[in-house]
Amino acid sequence: MKFRSRHDAWGNLVKLLHWLTAIFILAAVAIILNAQSIDLSIDTENRRLIFRTGIYRHEAFGILALAAVAVRMVWRLFDKRPDLPATMGRWEIAASSLTHGALYVLAVAACMLGWYQVSSNGGLVHVFGWTGLPTLTSKDEHIHEVVAFWHEWVSWIFVGLIAFHALAALKHHLIDRDRVLRSMLPFSR
Ligand code: HEM
């Protein structure tokens, strides 16, 4: 079990942050889809409470994902990446670097837009009851609408790219039979 990455495997800190990010993002997406499926036209206090709780949990997992990505981006400046399999072509290496870069950019963009959305609606971001994060802007209905639109679209593009990235990892494992997926799995050497 190594803290730093080596030539043949990602280090344990990268692995931990990578899988925590994946869990936080999938939780944020699942929770918001569940909250949005609640029919609020049948206006009961119970439904509104479940909806609000869903929104707060979505915010919490989004902020946790942002924090995990931020730590990981800093750590990657000091850590080397494992060697790529010699069988990977130039276009595949380029596609993989481009996808990883885009995943970082979209993760930060989706989470920051969500935070900005809450601020422009005059609210505070809720992280499991803690509301100490600053507001990013003052209340403005027009900005709130624009930011809400972009938060949703950037997030869907992000989810699409995560699916592509996960399928690429499976292709490496099942078709190319190299160690790309194993190099990121917990407990693999
Ligand atoms: C949910 C299923 C996921 C699977 C199966 C998966 C799989 C993998 C694998 C196998 C690698 C190693 C690739 C290599 O060595 O070139 C990797 C790296 C990476 N993954 Fe994922 N991943 C998933 C989710 C995510 C999510 C949600 C993000 C969002 C930020 C993400 C971002 C990255 C990045 C940026 C790298 C490059 C390594 C780094 O800079 O830390 N992955 N992933």
Side-chain angles (χ1 to χ4, degrees), residues 1-35 54 57-117 125 127 133 150-189:
M1 300 281 273
K2 295 277 182 301
F3 192 59
R4 284 181 166 276
S5 301
R6 293 167 311 177
H7 73 95
D8 60 345
W10 291 99
N12 287 324
L13 185 60
V14 172
K15 288 182 185 176
L16 177 70
L17 292 167
H18 176 271
W19 292 112
L20 279 179
T21 312
I23 290 168
F24 294 153
I25 285 166
L26 294 179
V29 173
I31 288 167
I32 198 65
L33 291 180
N34 183 52
R57 291 202 179 135
H58 171 74
E59 291 172 8
F61 281 110
I63 292 297
L64 288 179
L66 182 63
V69 167
V71 176
R72 191 158 135 217
M73 285 169 92
V74 173
W75 174 244
R76 289 278 278 106
L77 298 175
F78 303 99
D79 197 32
K80 59 172 184 235
R81 65 149 296 131
D83 302 335
L84 288 167
T87 46
M88 273 175 80
R90 277 224 314 250
W91 71 268
E92 221 183 331
I93 294 174
S96 132
S97 317
L98 209 70
T99 305
H100 292 162
L103 283 168
Y104 279 128
V105 171
L106 287 171
V108 173
C111 299
M112 288 303 295
L113 281 166
W115 185 351
Y116 209 86
Q117 180 178 339
V125 166
V127 185
L133 284 172
W150 282 109
H151 173 57
E152 187 166 351
W153 276 101
V154 167
S155 301
W156 278 122
I157 295 168
F158 181 36
V159 168
L161 198 65
I162 293 170
F164 172 77
H165 171 67
L167 286 175
L170 278 182
K171 176 208 172 255
H172 276 284
H173 193 66
L174 300 174
I175 299 174
D176 304 336
R177 294 181 180 276
D178 57 32
R179 32 176 307 110
V180 167
L181 178 58
R182 264 177 293 147
S183 73
M184 188 52 104
L185 290 181
F187 313 117
S188 69
R189 293 197 326 112

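Each residue takes its place number in the sequence, starting with 1. For the numbers below, each heavy atom of this structure counts, side chains included, while hydrogens, waters and symmetry mates do not. Whatever order the structure lists them in is the order used to number ligands and atoms, beginning at 1.
- Taking CE of Met184 as the start and NE2 of His172 as the end, the distance is 12.0 Å to the nearest 0.5 Å.
- Residue Ile162 touches ligand 1 through its side chain alone, judged by heavy-atom distances below 4.0 Å.
- Listed by atom number, the atoms of ligand 1 under 4.0 Å from Leu103 heavy atoms are 31 (C), 32 (C), 33 (C).
- Under 4.0 angstrom from ligand 1, the non-hydrogen atoms of Trp19 all belong to its side chain.
- Distance from atom 2 (C) of ligand 1 to its nearest protein heavy atom, with residue and atom name: Ala166 CB, 3.9 Å.
- Only the side chain of Arg81 comes within 4.0 Å of ligand 1, judged by heavy-atom distances.
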#### Entry: Derivation of the side-chain contact (heavy atoms from CB on, under 4.5 Å) call for His151 and Tyr116
CA-CA 9 Å; His151 173 57; Tyr116 209 86; over 6 Å; no
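- Leu185 contributes atom CG, which lies 6.0 Å from atom CH2 of Trp19 (distance to the nearest 0.5 angstrom).
- Heavy-atom contacts from other residues, nucleotides or ligands closer than 6.0 Å to CZ of Arg57 number 12 or fewer.
- For Val180, heavy-atom contacts with ligand 1 shorter than 4.0 Å involve the backbone as well as the side chain.
- The Val14 neighbourhood of ligand 1 comprises atoms 41 (O), with distances under 4.0 Å to a heavy atom of that residue.
- Looking only at protein heavy atoms, the nearest one to atom 12 (C) of ligand 1 is Trp10 NE1, 3.5 Å.
- In terms of protein heavy-atom proximity, atom 30 (C) of ligand 1 is closest to Thr21 CG2, 4.0 Å.
- Distance check for His100 against atom 21 (Fe) of ligand 1: none of its N/O/S atoms falls below 2.8 Å.
- For ligand 1, the atoms lying closer than 4.0 Å to a non-hydrogen atom of Arg76 are 39 (C), 40 (O), 41 (O).
- Atoms CD1 and CG, from Ile25 and Leu20 in turn, are 11.0 Å apart once rounded to the nearest 0.5 Å.
- Taking a cut-off of under 4.0 Å to the non-hydrogen atoms of His165, the atoms of ligand 1 that pass are 6 (C), 7 (C), 8 (C), 17 (C), 18 (C), 19 (C), 20 (N), 21 (Fe), 22 (N), 23 (C), 24 (C), 25 (C), 31 (C), 32 (C), 33 (C), 42 (N), 43 (N).
- Residue Leu181 approaches ligand 1 through these ligand atoms, each under 4.0 Å from one of its heavy atoms: 10 (C).
- Nearest protein neighbour of atom 40 (O) of ligand 1, counting heavy atoms only, is Tyr104 OH, 2.4 Å.
- Here the side chains of Pro85 and Val180 are in contact, with some heavy-atom distance below 4.5 Å.
- Atom CG of Asn34 sits about 8.5 Å away from atom CD1 of Ile31, to the nearest 0.5 Å.
- Considering both main-chain and side-chain atoms, Arg72 comes within under 3.5 Å of ligand 1 through a nitrogen or oxygen pair.
- Scanning both residues, Lys80 and Ser5, for their nearest heavy atoms gives O-CB, 3.2 Å.
- Rounded to the nearest 0.5 Å, atoms CZ (Phe61) and OG1 (Thr21) are 13.0 Å apart.
- With rounding to the nearest 0.5 angstrom, the CD1 atom of Ile23 is 10.5 Å from the NE2 atom of His18.
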